[in-house]
Trainee: 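Starting off with a structure, shown below.
Small disclaimer: the values here were computed from a predicted structure and weren't measured. Here is the naming used below: chain letters follow the sequence lines, and residue numbers restart at 1 for every chain. The figures that follow rest on heavy atoms only: side chains count, while hydrogens, waters and symmetry mates do not.
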Amino acid sequence: MKRFIQFIIDFLRSGFSGGILFWAWMLFLSFFIMLWGYGEFVQIRDGMIVTGLNDQVSWGFYLANFVFMVGVAAAAVTVVFPAYVYKHHELHRIVVLGEMLAIAAVVMCLLFVTAHMGRPDRLWHIFPVIGIFNWPHAMLTWDVIVLTGYLALNIIGGFYFLYKKYADTELNKTFYLSVVYIAIVWALSIHTVTAFLINTMPARPMWFHSMMPIKFITTAFAAGPSLIIIVFLLVRRFTPLKIADEAFHALSQIIVWCLGIALFLTLSEIVTELYPSTEHSLGLQYLMFGHHGLNTLVPFFWTAMALMIGGFILLLIPKVRKNLLVLPFICLAVFIGIYIEKGMGLMLPGVTPTPIGEFAEYTPSNIEFMVVGGIWAIGFFVLTVLIKGAIGVILGDVRYTESESRTVQGEQTKAATT
Amino acid sequence: MSKQETKVKDANGATRRDFLRKAGTYTAASLSGAAMLLSDPKPAKATANVSWAEHFQKNYRLMTDEEKEEAIERLEKRYSEEFGKKVKVGSEPAIEGVLFGYALNIQKCIGCRRCVKACVAENNQSRGEKQQIEWIRVLRMEKGKFSAEDRDVHGYPEDYGIQVGGNAYKPAGVVLEGQHYYEPDQVPEKDAFYLPMQCMQCEKPPCVKVCPVRTTYRDPDGIVVIDYNWCIGCRMCIGACPYWARRFNWGEPDLPAEEMNPDTHYLGNRPRMKGVVEKCTFCVQRTRKGRWTGCVEVCPVGARKLGNLLDPESDVRKVLASKKVFRLRADLNTYPKFFYFMD
Ligand code: SF4
Ligand code: SF4
């Protein structure tokens, strides 16, 4: 027990150590986290009226970010899966970093949902036993189960591995591998259920199709690894942890395939909706071409398409894909493209027009931008600490010693500065 | 929902922007000290007076009779203080052997929206500048206008077989633009007819199914009710309702004390708080005591009928027996208990 507490302390100490650059980064994030605090404060005090949401568009920026982040969380399997199932050696070493990313992403998801709620003070109503958990009827309760389960699996899996490494004792392979394999399947479930959350409502015809789960998963497995590649490249640049090129090649291949399928599904959706052009396709038409001058979404949609298609074509070329100087920029483009397409580009045309055919445009208010920006900052904050701590353990800098003189080695601190 | 409200929204947008400009300075200030923020909040009265016990009460459906009594006593006390008059919060349960149904004669409706106003007054909806909530919307439907001038003389398909318009593109009996903001000099208008909508009290309500905490549920008399004290404001139900019947309290509701209707019901028209959902309940506070709903009472042309679907002698059953009726979006299998008919 004492050893475990020591592990937590040492882990955090390693997570929170670094040079000027590190502290500047954390300070930068803290600024946005403060904005989040202020935004939430105002929203709780005055109600959701401080957002841009209204009777016509009652789901907006918060849920858009939620849906997207669930995908990023699920995408941690793109590191875990090849590592364990295909015994991909290079990914094997850094699996735990993927798990850390998943933890940070789920934390963000939970914060986005809370921001979306009109009465966060009544959150306890949804807890089983003390509240009412409308399971199995309400899809949202399924989402709560899979998300908290996923968070737990990643915390258990990730930290069990790190702790064993820290204490320098043998891993219980059966236990660890079963957690890992369950987590892999579970990752698919979180995104599937999130798709079911919105595609089981015939009142919203644009979402009402069975392609939603698979489309969610493919876009997630394109956006997620894009982020992972960027994070890993940063890790390689700023910490002594060596990540071999092969790991990046494996991930960029996953991006190509998933992005290709996602684009194909998008094309299928467009043809299926626009060819007969029924009233049910008005949402998609509004997204793609606007509606009598209401066309805020139009440039976003086409930008997203350009980024995704452009990214796909570039990644198809092996030379480009394997060039680690260009790759992060393509990844960023893909990430942004999917963020638009699957975030606001999915949420808004889904609720527009309303069931009685009314079109209303929605732009998030500054409070919403503060809250959303702040939650992203919290995510990066958590991610930075977790990854730094984990790298400390993997490199063996942070390890258990009986004596009093256990410290985070200065070497790592120095390395982080450069 | 009237035109006014859209305007209000625009105006609101503007004031909101002003507010946010102020917010910018606040934020800068907040860096120097959060204390300033903490001194700032002016919680609306309604929120400030909510007692600890009210915060932690159970879901109404699961309360014992004593707990219900306590909860109601608490509310009556709070509301009476807040509105400066004796407020009654009823708890009448569903009447045995009653299943409420509604029938609306679209041929008679003249689009005057008196029902909308009566409903707001009866059910204590939020009103005024900041947020205006209405449970009934009257949709204005175009009668077809076809003329020789704007006729498309081309056949179809021509050239590449692309459909290029034609008279069928004229609206006739459809609403595609949310025409409930109409402002005529006089009703009924020559070129339109009207279709009022409100909560249809679906027998298979999708809103109930998606509610993660069972805030909203169907009572035995077929009314879909909401426990405003249990709602977490997730708005899943708003997404799931195919009739756009549910409204959200974006801010603290604005209900002037002198206009407040003190005869309320726990599941019906008692004053709501910010962050919760509300909708038409067929005036449970009235109908469970054998009275008509506000809208039935006020309709100048008698287009609205309410009754017990289980009683063959009720107005609604008579309509069902003798008229041609239809329900909206029957394809969704929600089985609304709100029927439309024509003479
Ligand atoms: S009309 Fe909408 S709110 Fe009313 S019962 Fe049906 S689904 Fe629920
Ligand atoms: S907003 Fe309230 S009533 Fe509607 S689904 Fe959520 S908790 Fe239930």
Trainee: Please determine, among A/Arg122, A/His116, A/Met117, A/Arg204, the option with the most heavy-atom pairs under 4.5 Å with chain B.
Mentor: A/Arg122
Trainee: Please determine if B/Arg329 forms a cation-pi arrangement with B/Tyr243, meaning its NZ or CZ atom is less than 6.0 Å from the six-membered ring centre and no more than 45° off the ring axis.
Mentor: no
Trainee: Examine B/Arg113 relative to B/Tyr182 and say whether NZ or CZ is less than 6.0 Å from the centre of the six-membered ring and inside a 45° cone about the ring axis.
Mentor: yes
Trainee: Can you say whether the rings of B/Trp244 and B/His180 are parallel (under 30°), tilted (30 to 60°) or perpendicular (over 60°)?
Mentor: perpendicular
Trainee: Non-hydrogen atoms of chain B under 4.5 Å away: do they reach the side chain of A/Thr354, the backbone, both or neither?
Mentor: side chain
Trainee: Which value, rounded to the nearest 0.5 Å, describes the distance between B/Ile238 atom CD1 and B/Lys279 atom NZ?
Mentor: 12.0 Å
Trainee: Please check if the distance between the ring centroids of A/His291 and A/Phe359 is under 6.0 Å.
Mentor: yes
Trainee: Treating A/Asn295 as the side-chain partner and A/Val298 as the backbone partner, does any N or O pair qualify as donor plus acceptor under 3.5 Å?
Mentor: no
Trainee: Which of the residues A/Gly350, A/Ser58, A/Gly47 is involved in the greatest number of heavy-atom pairs with chain B at under 4.5 angstrom?
Mentor: A/Ser58
Trainee: Which region of B/Ile232, side chain (C-beta onward) or backbone (N, CA, C, O), has a non-hydrogen atom less than 4.5 Å from a non-hydrogen atom of chain A, or is it both or neither?
Mentor: both
Trainee: Could you tell me which of A/Val351, A/Val144, A/Ile126 has the largest number of non-hydrogen atom pairs under 4.5 Å with chain B?
Mentor: A/Ile126
Trainee: Which region of A/Asp121, side chain (C-beta onward) or backbone (N, CA, C, O), has a non-hydrogen atom less than 4.5 Å from a non-hydrogen atom of chain B, or is it both or neither?
Mentor: side chain
Trainee: Where on B/Val208 is there a heavy atom nearer than 4.5 Å to chain A: the side chain, the backbone, both, or neither?
Mentor: backbone
Trainee: So what's closer than 4.5 Å to chain A heavy atoms on B/Leu328: side chain, backbone, both or neither?
Mentor: neither
Trainee: Which region of A/Ile44, side chain (C-beta onward) or backbone (N, CA, C, O), has a non-hydrogen atom less than 4.5 Å from a non-hydrogen atom of chain B, or is it both or neither?
Mentor: backbone
Trainee: With a 4.5 angstrom heavy-atom cut-off, is it the side chain or the backbone of A/Met48 that approaches chain B, or both, or neither?
Mentor: both
Trainee: Between A/Leu197 and chain B, which part of the residue has a heavy atom less than 4.5 Å away: side chain, backbone, both or neither?
Mentor: both
Trainee: Taking side chain as everything from C-beta outward and backbone as N, CA, C, O, which of these in B/Pro212 sits under 4.5 Å from a heavy atom of chain A? Side chain, backbone, both or neither.
Mentor: both
Trainee: What part of A/Trp124 is in contact with chain B, defined as an atom under 4.5 angstrom from a non-hydrogen atom: side chain, backbone, both or neither?
Mentor: side chain
Trainee: In terms of side-chain heavy atoms, does A/Glu361 have a donor or acceptor partner in A/Thr296 at a distance below 3.5 Å?
Mentor: yes
Trainee: Closer than 4.0 angstrom, basic N to acidic O: yes or no for B/Arg140 and B/Glu142?
Mentor: yes
Trainee: Is the closest side-chain donor-acceptor distance between B/Arg214 and A/Asn134 under 3.5 Å?
Mentor: yes
